[in-house]
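What follows is a set of notes on a single structure, which appears directly below.
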Amino acid sequence: MSISWENLDNLESYKKLQALKGAVNIAAELSGPAGAKRVAECNVPMGAGLTYNYAAKQVNEKVLKVLSELAEEAQLTEKFAETYNGAVINTGEKRMVLHHLTRGQLGKDVIADGGNKRDFYVKEQKRIAEFADKVHSGKIVNAAGEKFTTVVQIGIGGSDLGPRAMYLALENWAKANKTFKMEAKFISNVDPDDAAAVLASTDLAHAIFILVSKSGTTLETLTNESFVKDALKKAGLNPAKHMIAVTSETSPLAHNPDYLEAFYMDDYIGGRYSSTSGVGGAVLSLAFGPEVFAEFLEGAAAEDKLATNKELLKNPAMLDALIGVYERNVQEYPSTAVLPYSQALSRFPAHLQQLDMESNGKSVNRDGKAISYVTGPVIFGEPGTNGQHSFYQLLHQGTDITPLQFIAFKKNQAGSDVVIENSTSQTKLNANVTAQIMAFACGKKDDNPNKSFDGGRPSSLIYADQLTPSVLGALLAHFENKVMFQGFVWNINSFDQEGVQLGKVLAKTVLGGKADGALKAYANLMNI
C-alpha cells in the first residue's frame, strides 16, 4: 500500500467529524445505572497491565466510528510501520525515527551507519549493563579504591526531563524491592545555582558523573561539565576518574581519555524520545540495576506492539490520540492537563510537556507548507491531590474547558500506609481521583452561582495495580505513541524542534559581543 501524507482538512473523515461537535453530553452519559455500565465497558487494555478508560470522554459509538474512519484514511498504523521499518519520517532533518528499536523489533531489520540498528542499541544496552554491574560490585571504584555511591546526570531537555522523571518514578519502588543501588541526582539548568546546589549536597569523592550530549557541543551541558570538573579538581580529585559520557560516536566526547567510558547514541533518536536509549539507560542502570532497566524496556515494547493494531479499540495510544484530535480540532479545547495521582510521577507531566509541545508545536506540515488548523495543545500538570489545592479551581469553574488525563494506581510503591478515620492514605488518594472524574464530568447545580459547577469537563483514566518498571515503560511508550499518531493526523513532523534553535543562536550573538539594537539593549539590562 502506498502512503499518502495529507493535511487533516483534506480528509473526508475529518469533515464528518466536524459535524459531531458537541454530540455527547458526558453528564447524561454517566448519570444513573447507564453510567456504571459505561464505565465498565469503556476500558481498553494497555501494556504491562495498564488500562485506558475513556468513559468520561465526550465520545459515543458514532464519534468512535468516525475516529476509526479517520485512523484508516490517515493510514496511522501504516505510517507507524513505516517509522519502525526505517523510513525517513523526520523530514526536517531527513532522518529515520528509531526510538522504538531501543526496546524491541517490531518489523524488518533497519540497516544504517554500516550495521543493524537494533543490534547497535542492544550492544550499547549490554555495555551499560556490564559497566553498571562493575560499579555495583566494586570492580570500578574511585581513586581511593572505594565504591561509588551516587550518580549525577549532566544534561538538559530530553537528556534531563525524561531520565529524571523515570528515576523519581521508580526510586521508592526500588527501595521497597531491594534493587536500589545508587542515589541519582541531576544538573540541567545553566543557572550556576543549580549545579552549586547539587554539588554541595553530593559526596564528590564517591560520585560518578554522566555527561549527556549527542553532539558534544551543547552549550548548557558543557558549561555545567566545566562547573563540575572545577569542583572535582578543587576537591583534589581527577575528573577523568569520575566521569562517563553518553554521546554519538562522532562527537568530541567519544574515545576521549577524559572519561572513564563512553556509551553511544545516534541521530535517529530525538532527546525527548531517548529515555529508553543510553540517555536513560546509563543513569537508571546505575541507580537501580540493569535488570530494572530491562523490565522498563519490556513494558515499553509491550505497549509498542499494541500500537500496531489497526482496530481502534484495541490500540489505546491511537484511541487516546484521536480523541485528543477531536478535542483540539473539533471541540476547540486549547490545552490538556496531565494529573497523576502518584507522587512518584511528580516530574512526569514536565516530561510529557516537552514530549508533546516540542513534537507537535508546529504550524507547517511535513513539507514546510503552512496549515490552516490548530495542532498540539498546551500541556501542564501536577500530581494529585496537590493540584486540587492549586489550579483545579480554574479546571472546574474557569471559562475554558480543559481535557484531563488522570493516572492512578491501586497500590502505593512503598508498601507502608496508615489507617486514619477508617481508611488508608492510598484509599483516600484513590477516592479523590474517582471523585474528581465525576465532579468534572457531571458538575453540580446550586442556587448560589458561585457554588455552581457546569460539568462537561472530559477526562480519561489510565490505571494499574502498582507503578513498577514495566508499567512505567508502558506508560511512557503510550504517550510517545500518542504524540506520534497525532503528528501523523496533523501531517506535521513530530521529530524535529527548530523552534528551540533561534534563541540559542541569538544567545551566542550576545555572548560573542555582536548584539545590536534592541538585543544589545536587553543585554545591557542584564549587565552582559
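- For Thr434 (side chain) and Ala431 (main-chain N/O), a donor-acceptor pair under 3.5 Å exists by modelled atom type.
- Side-chain contact between Leu506 and Leu502 is present, with at least one heavy-atom pair separated by less than 4.5 Å.
- Using a 4.5 Å heavy-atom threshold, the side chains of Ile420 and Ser425 count as separate.
- Of the N and O atoms on the side chains of Arg457 and Thr402, not one donor lies less than 3.5 Å from an acceptor on the other residue.
- In the displayed structure, Lys310 atom NZ is contacted under 6.0 Å by more than 12 heavy atoms of other residues, nucleotides or ligands.
- Side-chain contact of Asp9 with Ser372: a donor-acceptor pair under 3.5 Å is present, judged by distance alone.
- Remark: side-chain polar atoms of Thr218 are not paired, donor with acceptor, to backbone N or O of Lys214 under 3.5 angstrom.
- A salt bridge is absent between Lys16 and Glu12: the closest approach of a Lys/Arg side-chain nitrogen to an acidic carboxylate oxygen does not fall below 4.0 angstrom.
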Checking side chain to side chain contact (heavy atoms under 4.5 Å, CB included) for the pair Glu382/Leu339: CA distance, chi angles, key distance, verdict?
CA-CA 6 Å; Glu382 285 288 333; Leu339 308 171; 5.9 Å; no
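- With 3.5 Å as the limit, one finds no donor-acceptor pair spanning the side chains of Arg366 and Thr91.
- The backbone N or O of Thr150 lies less than 3.5 Å from no partner atom in the side chain of Lys185, so there is not a single donor-acceptor pair.
- Counting only N and O atoms by type, the side chains of Gln388 and Asn432 include a donor and acceptor under 3.5 Å apart.
- Here the closest non-hydrogen pair linking Glu93 and Phe495 is OE1-O, 3.6 Å.
- Between Ala300 and Ala477, the closest heavy-atom pair is O-CB, 3.6 Å.
- Expressed to the nearest 0.5 Å, how far CG of Leu429 lies from CG of Asn412 amounts to 9.0 Å.
- To the nearest 0.5 Å, the span separating CD on Gln153 from CG on Leu286 amounts to 9.5 Å.
- Tyr84 has its side chain out of reach of Asp304: every pair of non-hydrogen atoms, C-beta onward, lies at least 4.5 Å apart.
- Across Phe296 and Ser275, no two heavy atoms sit closer than the pair CE2-O, 3.8 Å.
- Of the possible donor and acceptor atoms, one in the side chain of Gln426 sits under 3.5 Å from a partner among the backbone N and O of Phe409.
- Note that CG of Leu8 and CD of Gln18 are 7.5 Å apart. Values are rounded to the nearest 0.5 Å.
- If you run side-chain contact (heavy atoms from CB on, under 4.5 Å) between Val283 and each of Phe288, Tyr167, Phe186, only Phe186 comes through.
- Heavy atoms only, all atoms of each residue included: Ala302 and Ala48 are closest at CB-N, 4.4 Å.
- Neither side chain, Asn365 nor Trp5, offers a donor N or O lying under 3.5 Å from an acceptor on the other.
- The line from CD of Gln413 to OG1 of Thr468 is 8.5 Å long, rounded to the nearest 0.5 Å.
- No side-chain N or O of Ser470 forms a donor-acceptor pair with one of Glu295 less than 3.5 Å apart.
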ring-ring contact (aromatic ring centres under 6.0 Å, His included) between Phe406 and Tyr463: does it pass, once the steps are laid out?
CA-CA 8 Å; Phe406 290 100; Tyr463 65 96; over 10 Å; no
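- Remark: side-chain polar atoms of Ser452 are not paired, donor with acceptor, to backbone N or O of Pro449 under 3.5 angstrom.
- Tyr333 has its side chain within reach of Gln58: a pair of non-hydrogen atoms, C-beta onward, lies under 4.5 Å apart.
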Without placing hydrogens or testing angles, list every side-chain donor-acceptor pair under 3.5 Å for residues 347-355, not counting sequence neighbours.
{"from": "Gln353", "atom 1": "NE2", "to": "Ile379", "atom 2": "O", "distance (Å)": "2.7"}
{"from": "Gln354", "atom 1": "NE2", "to": "Glu358", "atom 2": "OE1", "distance (Å)": "3.2"}

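- Note that Lys175 lies in the cation-pi zone of Phe180, set by a 6.0 Å cut-off to the ring centre and a 45° limit from the axis.
- Considering all non-hydrogen atoms of both residues, Glu73 and Ser13 come closest at OE1-OG, 2.6 Å.
- Side-chain contact annotation: Tyr273 with Thr102, donor-acceptor N/O pair under 3.5 Å absent.
- Looking only at atom types and distance, the side chain of Thr51 has no donor-acceptor partner in the side chain of Asn43 under 3.5 Å away.
- Atom OG of Ser494 sits about 3.5 Å away from atom CG of Asn360, to the nearest 0.5 Å.
- Between Lys428 and Glu421 no salt bridge is recorded (no basic side-chain N to carboxylate O distance below 4.0 Å).
- In this model, no donor atom of one side chain and acceptor atom of the other lie less than 3.5 Å apart for Asp454 and His396.
- The existence of a salt bridge linking Asp465 and Lys411 is confirmed by a sub-4.0 Å separation between a basic side-chain nitrogen and an acidic carboxylate oxygen.
- Side-chain contact annotation: Asp496 with Asn493, donor-acceptor N/O pair under 3.5 Å present.
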Steps toward ring-ring contact (aromatic ring centres under 6.0 Å, His included) verdict (Phe380, Phe391)
CA-CA 10 Å; Phe380 68 96; Phe391 53 81; 5.5 Å; yes
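- Under the 3.5 Å distance criterion, the side-chain polar atoms of Asn172 are left unmatched by any main-chain donor or acceptor of Ala414.
- Within the model, atoms OH of Tyr373 and CG of Asn491 stand 5.5 Å from one another, a figure rounded to the nearest 0.5 Å.
- Between the Asp446 side chain and the Phe453 main chain, no donor and acceptor come within less than 3.5 Å of each other.
- Looking only at side-chain heavy atoms (C-beta outward), Ile323 and Tyr52 come within less than 4.5 Å of each other.
- Between the side chain of Ser274 and the main chain of Ser277, no donor-acceptor pair closer than 3.5 Å is present.
- Tyr54 places a side-chain heavy atom less than 4.5 Å from the side chain of Leu313.
- When every heavy atom of Val63 is checked against every heavy atom of Ala23, the shortest pair comes out as CG2-CB, 4.4 Å.
- Salt bridge annotation for Glu69-Lys65: present, with a cationic side-chain nitrogen under 4.0 angstrom from a carboxylate oxygen.
- Salt-bridge annotation for Arg272 and Glu480: absent, with no side-chain N of the basic residue lying under 4.0 Å from a carboxylate O of the acidic one.
- Side-chain contact check for Thr375 versus Ser363: every heavy-atom pair is 4.5 Å or farther apart.
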Chi angles and distances behind the salt bridge (Lys or Arg N to Asp or Glu O under 4.0 Å) call for Glu332, Lys21
CA-CA 9 Å; Glu332 300 179 306; Lys21 182 175 182 177; 2.6 Å; yes
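- A distance-only check finds no donor-acceptor pair linking the side chain of Arg103 to the backbone of Ala301 [under 3.5 Å].
- Residues Leu306 and Lys314 are not in side-chain contact: their nearest non-hydrogen atoms beyond the backbone lie 4.5 Å or more apart.
- When the shell of 6.0 Å around CD of Gln466 is examined, it contains more than 12 heavy atoms from other residues, nucleotides or ligands.
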